[in-house]
Peer 1: 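Could you have a look at this structure, given as structure tokens, before my questions?
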Amino acid sequence: MKITGLNWFPYCLPFADAFGTAQAALKVREGFIVRLETASGLVGLGDAAPLPEFGGGYPADVERWLSELTPGLVNQTPEAVRPVVARLRKNRGPGAAASAFALETAAFDVLAQAAGLPLSLWLAATYGLSPPSADLSVPVNATIGQPDIAVACETARQAVASGFGCVKLKVGMETGVAGEVERVGAIRQAIGPDVKLRLDANGGWAVPQAIEMLMALAQFDLELVEQPVTAADLEGLARVRRSAKMPIAADEPVISLETAENIIQTGAADFLIIKPMVVGGLGAGLEIIEMARLAGVGCIVTTTIDSAVGIAAALHLAANLPASIPFCGLATASLLNGPLVENAPPVVAGQMQVPKKPGLGFDLAFPV
Ligand SMILES: [Mg+2]
């Protein structure tokens with residue numbers, strides 16, 4: 001099975017609503033759908049949408065990588081993508097992780113199709129993991145990023161009404177404890193006592209501020225808090241974790257197997273947030289999940305708010321989390337507008353059914 005074509009198509013998907021984070025307000029997601037075609041007629045898809053706002057590089061960086069690497073892959077088997085992905089993971093420069101994710105996903109998509117397996121089961125077989133149930137659903141959280149409290153509450157109410165069991169709220173945009181207490185308290189009231197509530201501060205607080213903040217916010221029965229302090233300060237994150245009543249998750253510093261290992265060794269987190277498009281692919285994600293499992297640290301898989309291709313790939317990875325899968329951040333299609341999110345695996349009653357067809361197992365609404 002030879003690669004006969006490797007092409008990429010730019011996309012730009014606007015956010016459906018104002019989306020705030022402690023680092024930046026996000027307006028659009030820009031990237032590329034990568035399309036890998038084989039001589040046998042199989043087509044594999046990948047998604048490369050780096051997050052410039054979080055240091056992931058720009059689409060132009062991805063385009064440079066793809067232009068440089070494609071000539072060496074055409075006329076090779078899809079397996080030839082593996083050393084290329086390893087090189088990109090090692091490089092870690094702008095756009096490298098997103099490019100690795102896209103190329104690897106497209107290659108794994110055709111390899112899984114050729115094997116007649118959904119990508120989730122193909123990954124388990126390839127990486128020597130116990131196979132996920134063929135009828136698996138992954139519980140997912142709703143993500144609330146509207147800076148306006150009233151709008152955020154209305155979105156949270158709608159999410160609960162449609163069956164979500166967990167809401168993740170972006171925080172770190174308010175100044176001071178009183179503002180955050182008002183925001184988080186309003187959301188807790190909107191969703192009621194039984195729905196899980198997690199916060200994501202995207203590194204927006206200094207260490208003493210985070211300690212004070214989490215003490216004041218503990219009254220709202222928080223499931224966990226993501227990245228209360230900056231990614232660069234693992235010792236600080238560990239200090240916040242020791243003083244906090246709720247579990248702490250590390251997100252922004254999880255960019256490779258090595259950084260994930262540092263987080264675990266520093267005792268900085270109860271959970272790691274795994275984004276396959278940030279750590280350099282599904283294989284990298286599986287390696288981190290296995291390392292964390294052995295260390296007794298939980299993992300949550302999320303997207304970086306991508307096209308349906310990125311969402312589906314992340315879902316197949318999440319299906320390989322150890323049993324009792326936590327709520328994962330995959331229900332992000334509704335945050336964007338455009339044809340490339342339309343056919344994302346649907347969320348039904350707060351769960352995403354893992355596609356059962358071979359490969360990624362879904363049809364893009366907008367064929368490339
Ligand atoms: Mg996060």
Side-chain angles (χ1 to χ4, degrees), residues 15 18-26 29 49-56 97-98 101 138-147 152 155-156 159 164 166-174 180 183-184 187 196-205 210 213-214 217 222-234 236-237 240-241 244 246-256 259-260 263-264 268-279 285 288-289 292 297-306 310-311 314 317-318 321 326-336:
F15 274 78
F19 193 85
T21 76
Q23 297 305 322
L26 304 183
R29 292 290 290 120
L51 264 176
E53 296 86 349
F54 288 82
F101 171 63
V138 172
V140 291
N141 63 271
T143 301
I144 313 284
Q146 290 96 341
T155 310
F164 280 96
C166 178
V167 165
K168 166 167 141 177
L169 178 68
K170 292 287 189 182
V171 294
M173 296 168 279
E174 301 287 340
E180 295 292 8
R183 179 171 173 83
V184 178
I187 294 288
K196 289 201 185 325
L197 176 59
R198 59 173 72 156
L199 306 183
D200 188 357
N202 289 109
W205 296 322
M213 207 66 96
L214 296 189
L217 295 171
L222 301 176
E223 182 205 19
L224 59 88
V225 176
E226 264 180 50
Q227 208 58 45
V229 299
T230 181
D233 187 4
L234 292 187
L237 188 59
V240 172
R241 180 182 170 224
M246 69 292 284
I248 298 296
D251 181 350
E252 280 83 346
V254 184
I255 57 172
S256 67
T259 64
I263 295 164
I264 291 171
D270 302 284
F271 288 91
L272 303 180
I273 308 292
I274 316 277
K275 296 168 169 156
M277 50 295 281
V278 168
V279 299
I288 297 173
I289 289 167
V297 170
C299 286
I300 292 168
V301 173
T302 83
T303 71
T304 52
I305 312 180
D306 319 273
I311 294 170
L317 176 63
L321 285 168
F327 291 97
C328 286
L330 306 172
T332 53
S334 60
L335 299 175
L336 301 173

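Each ligand, and each atom within it, is numbered from 1 in the order the structure gives.
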Peer 1: Which atom, counting only N, O or S, brings Asp251 closest to the Mg ion (ligand 1)?
Peer 2: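 In Asp251, the N, O or S atom with the shortest distance to the Mg ion (ligand 1) is OD2.
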Peer 1: Would you call Met246 and Leu224 a side-chain contact if the rule is heavy atoms closer than 4.5 Å?
Peer 2: no
Peer 1: From Glu252, does some N, O or S atom reach closer than 2.8 Å to the Mg ion (ligand 1)?
Peer 2: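 Here the distance criterion (N, O or S atom, under 2.8 Å) is not met by Glu252, so no.
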Peer 1: Would you say that Glu223 contacts Phe327 through its side chain, given a criterion of any heavy-atom pair below 4.5 Å between the two side chains?
Peer 2: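 Yes - at least one pair of side-chain heavy atoms lies under 4.5 Å apart.
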Peer 1: Between Thr304 and Arg29, is a side-chain contact (heavy atoms from CB on, under 4.5 Å) present by the stated rule, with each step listed?
Peer 2: CA-CA 9 Å; Thr304 52; Arg29 292 290 290 120; 3.3 Å; yes
Peer 1: Report the distance from atom OG1 of Thr143 to atom CZ of Arg198, rounding to the nearest 0.5 Å.
Peer 2: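 Nearest 0.5 Å value for the OG1-CZ distance: 8.5 Å.
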Peer 1: Among the N, O or S atoms that Asp200 has, which is closest to the Mg ion (ligand 1)?
Peer 2: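 The nearest such atom is OD2.
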Peer 1: If I consider every N, O or S atom in Glu226, which one ends up closest to the Mg ion (ligand 1)? I only need its name.
Peer 2: OE1
